[in-house]
Amino acid sequence: MVEKTVMVVGGGISGIQASLDLASRGYKVYLVEKSPSIGGRMAQLDKTFPTMDCSMCILAPKMIDCSHHPNVQLLSYSEVKGVKGSAGNFTVTVHRKPRYVDETKCTGCGVCAQHCPVEVPNEFDEQLGTRKAIYMPFPQAVPRAMTVDKVNCIECGLCQKTCQAGAVDLKQQPQEVELNVGAIVVAIGFDLFDPTQIPTYGYGRYKNVITALELERLLCASGPAGGHLIRPSDGKIPRKIAFIQCVGSRDRRFGTTYCSSICCKYSVKDAVLIKEHEPNSTVSIFYIDLRAFGKGFQEFINRAKSEYGVRFIRSSPGEIMEDSETKNLIVWYEDTVAGRIDNTVFDLVVICPALVPRTDASELAKVLGVEVDNYGFFKASNILTNPVDTTVPGIFACGYCLGPKTGDIPDSIMQGSATAARVAEILERRV
Amino acid sequence: MKYAFFLGCLIPARELSYEVSVRKVLPELGIELVDMKGANCCAPFSIQSVDHASWLALAARNLCLAEEMGLNIMTLCNDCYESLLMVNTILKRNPELRDQVNQILSEVGKEYKGKVDVKNLVDVLYGDVGVSKVKNAIKEPINGLKVGTQPGCHLTKPKRIHFEVMRSFNDLDELVQATGAESVPYERKEMCCGGPLRDINDDLARQVSRQKLMALKDAKVQAVVTVCPFCFLQLDLGQLEVKRHFNEEYNLPVIHFIELLRMGMGMKLEDWEVKAHRIPITDLFKDRL
Amino acid sequence: MSELDLGFMGEIANTPRGRGILLCIQCGRCSSSCPVARLTSEHNPRRLMEMVIIGFKKEVLPTQLPWYCLSCFTCLDRCPQGGDVGEVMFAIRNLAVRQGNMPAGIAAQAKSLYETTRVINPIRTALDKRESLGLCKITLDGLDEVQKILKKTGMDKIIQSK
Amino acid sequence: MGEEAPRIGVFICHCGINIGGVVKVPEVVKYARTLPNVAYSEDNIYTCSEAGLDSIKEAIKKYNLNRVVVASCTPRTHEPLFRSACREAGLNQYLFEMANIREQCSWVHAHQPEKATKKAKDIVRMAVARATWLMPQEEPELDIKDTSLVIGGGIAGMTAALTLANQGFKVYLVEKEAELGGNLRRLHKLYPTMQDTSEILMPTIEAVTMNKNVETLVSTVVSDVHGYVGNFKVTLSNNGGKRDVEVGTIIVACGAMNYTPPKGLYQYGEYPNIVTQLELDELLRNGKIKKPPERVVMIQCVGARKGEIRALDLAGFPKSDTARLLAKILKAKKEEGWPYCSKICCMNAIKNAILIKERFPQTDVIILYGDIRVYKEYEDFYSTARENQVKFVKHIEEVTPEITQGPEGKLIVEAYDALVGREMKLPCDWVVLSTPLIPRKEEVLLARMLKVPISQDGFLMEAHLKLRPVDTQMDGIFLAGAASGPKDVPESIVSAKAAAARASTLMANKKMRTEALTSVVDEKECIGCGLCEDICSYGAHYLEEGKSHTIAALCRGCGACAAECPRRAITMQHYTDEQILAQVKAALMEEI
């Protein structure tokens with residue numbers, strides 16, 4: 001008998017889209033999210049390109065629709081531990097990590113966090129900002145429930161005392177739930193390449209070398225810097241900013257030979273954002289090939305050049321050095337079109353790391369029994385004709401966990417919907 | 001511990017002091033050096049630039065000698081080290097290339113088997129002797145001396161040849177610290193001394209050395225510590241040339257690491273050895289000479 | 001306006017140290033890392049690679065261009081494609097040499113190698129000094145073997161041609 | 001129920017201490033009771049908690065309330081919750097009003113409790129004033145026909161049709177050509193797998209023709225479209241013959257076409273051996289190139305990434321006027337080229353370069369490019385090309401290549417290698433121009449019939465570039481494949497499946513509720529001036545017998561028509577003038 005239920009693993013924009021389409025189609029959906037809230041990478045972005053919509057503003061309603069949908073059951077802070085069965089009838093074991101807060105009682109008012117004495121770096125802010133040991137990763141989090149991070153919790157019990165809804169339960173135990181589903185959709189997204197592997201760029205050693213995702217958090221009004229572009233070393237406003245493309249992408253040394261597909265585009269967006277924040281700052285983008293493909297992108301880049309005066313330099317810098325006093329950065333590069341080798345001093349350098357498979361991708365692949373490609377992304381059964389089918393019937397994938405073939409948010413959304421279609425094709429097949 | 005001692009060309013011809021110190025110090029640390037009779041030039045970059053096959057064959061011949069001695073090779077010169085190490089690595093990894101080379105070697109009745117390893121003075125001191133043993137051997141620590149180290153390009157680059165052998169770029173620094181001296185970090189430490197362009201484009205060679213010297217001066221070091229005889233030559237003699245062409249005085253004494261170690265172990269340098277340094281080291285090491 | 005040599009890239013690519021030429025994406029990490037390129041505009045490893053790729057043979061082999069490289073191998077470690085500029089340099093030099101383009105310094109070393117098994121042979125005073133210090137003798141042992149090898153590889157011709 | 005006197009219940013939330021810590025909630029509760037028509041008021045620690053919701057339901061029954069106001073946080077996150085509470089207590093959910101005294105009061109005035117409390121009262125007073133005028137609303141329910149029309153029989157159209165058919169939906173697949181296949185019929189091999197196009201095309205065409213749920217209509221075009229989501233009436237014409245079909249959804253997969261350079265651009269049309277990439281595909285497929293060429297030169301971005309569509313040109317056009325807009329764009333672009341990057345040309349060029357190298361290893365292939373845009377894993381394909389000794393030369397806009405005739409039928413391309421900084425002469429046997437995919441002219445008519453706007457680049461416009469890439473602003477109409485912009489095969493297939501998914505969710509439910517918030521025309525007042533019809537971007541207004549009528553299913557409740565109407569004959573339900581004016585008056589009124 002065919003189960004008309006579906007499990008979606010990963011609550012990023014792609015997984016959310018898949019869930020919404022499947023649920024509206026009439027299927028019961030279990031949305032399993034590893035972290036305390038759905039939203040994924042898109043939630044971390046400041047604005048989206050090229051429409052310049054506030055990322056959270058367009059995402060939050062979708063997150064809410066998803067959690068309010070009568071056919072969607074959200075299993076946040078949970079992980080898939082085991083899968084048995086085959087297309088039309090899988091049995092999935094889901095491990096529900098203890099949140100130490102009763103989701104049904106907690107209203108997310110955040111009073112407990114105000115009293116919690118423990119302050120730790122916030123993963124959601126790429127470690128730039130801080131959160132408490134009892135926390136909600138970001139204000140628009142879904143579900144609107146706090147989570148206790150037991151690693152850092154000192155068991156002082158203040159949260160319990162101050163919670164007027166009586167939602168905190170520090171004794172909560174992990175749970176294993178078994179679910180029967182007809183199909184599985186994987187949408188676990190990506191991680192960032194570790195830039196310390198390229199020591200010549202000094203990430204980790206030089207304070208003012210940051211990743212693009214860190215920049216997104218800095219620029220974001222609800223981010224750790226309250227939307228003010230400041231540089232880590234001294235909190236001053238950087239006047240000269242450089243973007244460096246292909247940090248780990250198109251690189252044989254680390255096996256990441258592919259183009260990550262999005263860096264050129266978001267860099268131009270960020271460059272424009274910075275110019276809007278600080279009109280008298282200069283922004284230079286160091287690139288190898290300016291990959292502004294896709295709807296509206298070329299036009300946007302033309303505008304970035306002509307209207308905003310963003311500088312584009314065809315070059316992949318060889319090395320960055322730090323001025324030990326000012327903490328400014330000296331970037332050595334060759335303008336390959338002018339054939340001129342030169343160095344320029346910047347206040348802030350933003351590097352664009354390759355997008356790589358989630359650290360737990362291979363593990364999940366084993367659990368699901370699906371193949372990954374030579375980069376470690378989930379492998380499509382046929383990249384031409386079945387781009388969202390994995391190598392196991394009944395298990396599909398969408399979003400960046402399929403690799404850079406997912407260009408950006410629209411691609412992730414299209415794939416999310418496409419998996420919904422594939423699932424329906426299987427569950428509706430008349431036998 | 002026993003090594004086939006590969007002298008190379010430069011040292012016996014121009015830097016006897018280096019050789020002497022090595023022969024004095026290593027036995028003290030339990031290292032026995034056996035000279036390689038009939039060894040030929042390692043085939044450095046100059047020769048590699050002329051002909052590829054000759055490089056492989058000439059280097060392989062030296063490796064064969066060591067195989068016959070049944071000993072691993074120790075070199076002092078980075079060029080010898082890189083050349084022999086590269087060929088050894090390439091031939092070990094690539095059977096058909098090995099056959100081609102052995103084909104040439106058959107002319108002289110030799111066969112490369114890939115049974116020995118190639119090491120450098122730093123490898124031996126750091127890996128085989130060990131920093132702690134070196135430290136224990138120090139009787140008169142060189143305290144309070146700020147030096148900049150010049151490991152030299154071919155001790156560490158390219159990584160894919162070296163990562164199996166070299167431990168890290170900073171091995172030399174640890175050894176220097178063991179003598180009591182302080183190794184001061186400086187900009188673009190990994191940069192070349194300029195030596196390889198000597199006799200090909202002297203002007204550029206000088207300019208590169210000059211960059212290096214500037215960086216060292218900015219770091220306010222009292223002396224430069226080298227392992228490679230080419231680096232030594234280029235930075236020591238080089239300073240005089242830089243002075244002549246740019247009239248800039250650096251007055252940075254340059255010293256072989258082994259000499260530093262030797263003094264630390266309480267063995268004085270002799271007069272002729274002191275004179276082997278074109279930039280006087282007398283002020284720095286008065287009572288150790 | 002230059003006519004191009006169609007096969008130049010192939011010639012280089014087919015030599016043991018030249019394969020990297022096929023990997024180059026002209027990103028400029030080598031050139032901006034190269035100590036020499038930072039000093040003189042005449043040397044630009046990235047441009048040299050492109051000239052080989054496109055086939056500017058006449059503009060490369062007979063000129064100074066192959067002889068600026070220090071072989072410090074900084075570029076080898078920084079090239080994202082494993083393009084091995086520093087290695088390709090040897091492939092280019094090997095061809096240049098066969099066209100009679102060999103700096104005097106290198107010719108001298110090669111000659112010395114052929115006559116003494118060493119690229120630098122000690123002068124009298126050095127030999128005496130060694131003796132007085134009781135250091136091992138510097139001999140011509142192995143010379144015949146070295147010469148046999150160089151004859152076999154044909155390098156002897158190149159040396160004599162200079 | 002609208003008739004009986006309003007009995008309003010007011011529920012004020014402490015939100016823990018978020019509101020209660022600043023605003024004196026009990027004081028506000030007491031104040032609320034003094035307001036006209038308020039029958040009951042109370043405060044809750046968390047109105048949104050189970051306990052809070054229950055007490056709302058009880059109060060509705062106990063005090064038979066017919067209006068509910070909750071003063072707490074933002075409607076964006078919580079209105080659905082409170083609305084359902086009202087529903088469950090048997091109260092029409094449109095009789096609920098929300099007042100935000102957290103984001104708009106306690107949070108922003110955390111340090112002025114007095115003023116904050118006063119403001120909270122003002123906000124509550126306004127909410128109560130509007131609630132007094134609230135009327136119950138019904139969300140009209142539409143029937144959705146579970147049949148679909150797919151326009152275009154290319155790979156995208158066929159995929160969309162099959163995806164729907166496999167779910168049991170009846171699909172009409174319309175293709176204007178005599179056979180299915182679209183652009184792929186002209187292509188030789190497909191990157192990156194280098195499969196023969198037929199390996200993909202033939203099985204798909206077969207599957208379509210075998211599938212009993214798909215009715216394929218070739219040599220057929222859409223000549224008219226009426227109706228709205230769930231109930232489209234479409235007229236199809238097949239050389240003269242006409243036929244009407246009724247469908248619930250429409251998927252537009254009309255694809256794109258290859259840009260042909262105007263005669264003379266890069267001497268195109270002047271020499272037989274200057275061809276476009278597509279023409280080369282055909283030459284290779286039919287083995288037309290017999291003698292090994294010495295050299296082939298490819299030029300990228302011919303007619304792409306050129307010029308720009310200036311916002312000024314567009315300013316004059318209302319969105320609905322697609323025809324004139326596209327006509328204008330097409331005319332301008334023919335000569336000037338298209339501003340966007342067509343995204344597939346780099347890979348096409350590399351694909352053909354490799355094919356040439358495979359067939360003629362000795363041939364020198366040079367690709368003149370601006371940027372090599374081989375995104376995703378295609379990068380590896382670029383590497384393969386280089387390993388096959390395909391040569392890539394970057395040229396810059398300032399110095400475009402020039403083509404002249406050389407000896408014995410050869411062409412000479414003079415190009416500037418920006419990465420060497422030298423000019424060079426390239427004698428060659430073939431010059432291949434990589435040209436972009438551009439919109440089809442048929443789109444003009446389609447766009448007009450479907451009321452789907454066209455975006456600046458001339459392709460059909462998505463409902464939202466980021467979040468709704470396959471939806472259009474018209475419910476029930478979706479985009480698949482290159483109709484919305486250049487796509488390669490995998491991308492077309494993904495978008496086709498996505499469009500099918502969106503369509504199937506509608507059709508599977510068979511019914512659909514639409515917004516209650518729509519415009520209503522008062523026929524007595526209406527003078528049939530038609531201004532509302534002009535201003536409406538959704539085609540929700542139409543004139544009949546001199547009066548304007550609203551198609552509720554199409555109305556988005558934007559209110560443009562109501563604002564435009566000279567006779568104030570149009571009312572926006574749930575946002576009536578009375579409601580808004582009452583709120584404004586309450587705002588200006590001093591605290592009693």
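So that the names make sense, note that chain A is the first sequence line, chain B the second, and so on, each numbered from 1.
- When all heavy atoms of A:A420 and D:A501 are compared, the closest pair comes out as CB-CB, 4.3 Å.
- Heavy-atom distances place no part of A:F377 under 4.5 Å from chain D, backbone and side chain included.
- When atom types are taken as modelled, the side chain of A:S261 and the backbone of D:K376 share a donor-acceptor pair closer than 3.5 angstrom.
- The shortest side-chain heavy-atom distance between A:P387 and D:I493 falls under the 4.5 Å cut-off.
- Proximity to chain D (any heavy atom under 4.5 Å) is shown, for A:M63, by neither the backbone nor the side chain.
- Looking at heavy atoms from C-beta onward, D:V489 lies out of side-chain contact with A:T385 at the 4.5 angstrom threshold.
- In this structure, chain A has a heavy atom under 4.5 Å from the side chain of D:P80, while its backbone stays farther away.
- Looking at D:S484, the atoms closer than 4.5 Å to chain A (heavy atoms on both sides) sit in the backbone and in the side chain alike.
- The residue among D:D380, D:T193, D:N18, D:T159 with the most heavy atom pairs within less than 4.5 Å of chain A is D:D380.
- Contact of A:V111 with chain D is made through the side chain alone, with heavy-atom distances under 4.5 Å.
- The distance from the NZ atom of D:K466 to the OG1 atom of A:T48 is 5.0 Å, given to the nearest 0.5 Å.
- At a 4.5 Å heavy-atom cutoff, the contact between A:Q114 and chain D is made by side-chain atoms alone.
- Contacts between A:D408 and chain D at a heavy-atom distance below 4.5 Å involve the side chain alone, from C-beta outward.
- Both the backbone and the side chain of A:T336 have a heavy atom closer than 4.5 Å to some heavy atom of chain D.
- For a residue to count as touching a neighbouring chain, one of its non-hydrogen atoms must lie under 4.5 Å from one of that chain's; by this rule D:I372 touches chain A with backbone and side chain alike.
- Here the side chains of A:Q164 and D:I17 are in contact, with some heavy-atom distance below 4.5 Å.
- In plain terms, the two heavy atoms of D:E377 and A:L402 that are nearest each other are OE2-O, 4.1 Å.
- Of the two parts of D:V494, the backbone and the side chain both hold a non-hydrogen atom closer than 4.5 Å to a non-hydrogen atom of chain A.
- If you measure heavy-atom distances from A:L355 to chain D, you find no contacts under 4.5 Å at all.
- In this structure, no portion of D:F381 lies under 4.5 Å from any heavy atom of chain A.
- A:R422 meets the side-chain hydrogen bond (donor to acceptor under 3.5 Å, both in side chains) test with A:D389, A:E425; sequence neighbours excluded.
- The two residues A:I383 and D:P192 come nearest to each other via the heavy atoms CD1-CG, 3.6 Å.
- Within the 4.5 Å cutoff, the side chain of A:M414 has heavy atoms near those of the D:K487 side chain.
- With a 4.5 angstrom heavy-atom cutoff, A:I301 does not touch chain D via any of its atoms.
- Using a 4.5 Å cut-off between heavy atoms, D:H395 makes no contact with chain A at all.
- Neither the backbone nor the side chain of A:K105 comes within contact range of chain D, judged by heavy atoms closer than 4.5 Å.
- Ranking D:Y375, D:Y369, D:Y191 against chain A, the residue ahead of the rest is D:Y375, based on heavy-atom pairs under 4.5 Å.
- A distance-only check finds no donor-acceptor pair linking the side chain of D:R502 to the backbone of A:S417 [under 3.5 Å].
- Under the 4.5 Å side-chain criterion, counting only non-hydrogen atoms from C-beta, A:R314 is not in contact with D:D371.
- Using a 4.5 Å cut-off between heavy atoms, D:P203 does not touch chain A at all.
- No side-chain N or O of D:T505 forms a donor-acceptor pair with one of A:D21 less than 3.5 Å apart.
- Of the atoms belonging to A:F300, not a single heavy atom falls under 4.5 Å from chain D.
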Original post:
Going through the distances and angles, do D:S455 and A:K295 end up as a side-chain contact (heavy atoms from CB on, under 4.5 Å)?
Top reply: CA-CA 10 Å; D:S455 49; A:K295 200 158 183 168; 3.2 Å; yes
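- Interface summary for chain A: among D:R102, D:E462, D:E491, the most heavy-atom pairs under 4.5 angstrom belong to D:E462.
- Inspection of the D:Q167 and A:R25 side chains reveals an N or O donor paired with an N or O acceptor under 3.5 Å.
- A 4.5 Å side-chain heavy-atom check between D:P339 and A:Q298 finds every atom pair outside the cut-off.
- Between chain A and the residues D:H14, D:K497, D:R373, the most heavy-atom pairs under 4.5 angstrom are made by D:R373.
- At a 4.5 Å heavy-atom cutoff, the contact between D:C48 and chain A is made by side-chain atoms alone.
- Using a 4.5 Å cut-off between heavy atoms, A:L384 contacts chain D through both its backbone and its side chain.
- Of the possible donor and acceptor atoms, one in the side chain of A:R291 sits under 3.5 Å from a partner among the backbone N and O of D:V374.
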**OP:** Under the side-chain contact (heavy atoms from CB on, under 4.5 Å) rule, what do D:K343 and A:F297 come out as? Steps first, then yes or no, please.
**Re:** CA-CA 11 Å; D:K343 152 181 193 181; A:F297 288 96; over 6 Å; no
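- Both the backbone and the side chain of D:Y340 come within contact range of chain A, with heavy atoms under 4.5 Å apart.
- Contacts with chain A were tallied for D:L162, D:L81, D:T163; D:T163 has the most, counting heavy-atom pairs under 4.5 Å.
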Subject >> Stepwise side-chain contact (heavy atoms from CB on, under 4.5 Å) test for D:Y378 and A:C259 >> reply: CA-CA 8 Å; D:Y378 292 163; A:C259 161; over 6 Å; no
Subject >> Residue pair A:R252, D:S383: steps toward the side-chain contact (heavy atoms from CB on, under 4.5 Å) verdict >> reply: CA-CA 11 Å; A:R252 286 169 188 259; D:S383 305; 3.4 Å; yes
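- Considering only heavy-atom pairs separated by less than 4.5 Å from chain D, the leading option among A:I262, A:I13, A:L59, A:V337 is A:V337.
- Contacts of D:L419 with chain A are made by both backbone and side-chain atoms, with heavy-atom separations under 4.5 Å.
- For the atom pair D:C346 SG and A:F293 CZ, the distance stands at 10.5 Å (nearest 0.5 Å).
- Comparing A:N382, A:I64, A:T107 by heavy-atom pairs within less than 4.5 Å of chain D, the highest count is held by A:T107.
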